[in-house]
Amino acid sequence: MHTSTTAQFIQTRTQSPSPNITRQSILNNPGFGKYYSDHMVAIDWDMHQGWHDQRVTPYAPLTLDPASLVLHYAQAVFEGLKAYRHPDGSIWTFRPEVNAQRFIHSAERLGLPELPIGLFIQSLKELVQLDHEWVPSTPESSLYLRPFMMANESFLGVRGADKVAYYVIGSPAGPYFASGVTPVPIWVSTQRTRAARGGTGYAKCAGNYAGSLAPLNEARRNGCPQVLFLDSERAEFLEELGGMNIFIVQKNGTLVTPALSDSILPGVTRASVIELARSAGHPVEERPISINEVRDGLASGQVTEMFACGTAALIFPISVLKSELFSYGNDGQVAGPITLSLRQQ
Ligand code: COI
């Protein structure tokens, strides 16, 4: 048993850790989101005790009452961040305090309790320290951490839960797309949107992703691995890809990305790209981008590159934006230099 400095986490080690050979073969080719490390973090919350029972346990299925609120009304939020192994063997998570802050905003929007930033960070440390052997050391690989919170009170009435649980699981991750950094075609959803003014678009909540899945299926039927959503009022301005933000690059080196709003998720990678680009001398504009601006810019050469970014996928180049009505861009395109340089940085 082990206790840590701030909150006390009770640690129960698994009796059946993955054999070294199994873990190594997973880490050599982890894909994305398919395998999980040996342990998980769990913390409970209720109205009377607040956060309590911090623990690290063997990774195992959850037992949920069929009447759990989350199963019916999707009162759930999550985060995604990566732990990387540096060449000296040390392990670093990328800007976890930004995810912790966003988790608080997401929880507030979904009527869930606030998990203090310190407890969020500590929960990551507890898992990564115990499962450090699950952090790959190969290039482009990491241990993807998935903290999530859900309403596990059994109640069929519609209201915020009095009983909630928080978990962290870890999943070794390689490239999100098997195709690597080859530019990918993106399907533009012209009929169905992701988020509206005053809605939950800025929150990382399960329901946002559920709403993106039918359009994503449509994208995949049309040969595109991802879907881009337009604004819900006029279906005219770029919003985001559902799990990633979007940038266009202009021929003078300016980067343009949709301004944040209550219908766009404030990506940690998005913010990092903006900082990196500015520090490299690229002007960055955060403003509305119409689909017609992209069409005209690609035709005139004013728009030279397009890319999407997110924690899971990092930065990947976009070749074409297409829908049942149009196709803007060039399928044979290679990744642009600014996209590649930002990705490398
Ligand atoms: C992430 O990039 O971490 C995401 O949340 C995207 C997706 C895997 C849900």
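In listed order, ligands and their atoms are each counted from 1.
Atoms of ligand 1 found under 4.0 Å from any heavy atom of T311 (numbered from 1 in listed order, with element): 1 (C), 2 (O), 3 (O). Heavy-atom proximity to Y209, at under 4.0 Å, picks out these atoms of ligand 1: 9 (C).
Salt bridge E275/R95: present, at least one basic N to carboxylate O contact under 4.0 Å. A salt bridge between E153 and R159 is present, with a side-chain N of the basic residue lying under 4.0 Å from a carboxylate O of the acidic one.
The nearest non-hydrogen atom to atom 8 (C) of ligand 1, considering only A173, A312, G267, G80, comes from A312.
At least one heavy atom of K204 sits less than 4.0 Å from an atom of ligand 1.
Aromatic rings of Y166 and F103 (six-membered ring for Trp) have centroids within the 6.0 Å cut-off, being under it.
With 3.5 Å as the limit, one finds no donor-acceptor pair spanning the side chains of D44 and W51.
From the protein, the heavy atom lying nearest to atom 6 (C) of ligand 1 is G243 O, 3.5 Å. Shortest contact from atom 3 (O) of ligand 1 to any protein heavy atom: Y144 OH, 2.6 Å.
Other residues, nucleotides and ligands contribute only 12 or fewer heavy atoms inside 6.0 Å of the CD1 atom of I21.
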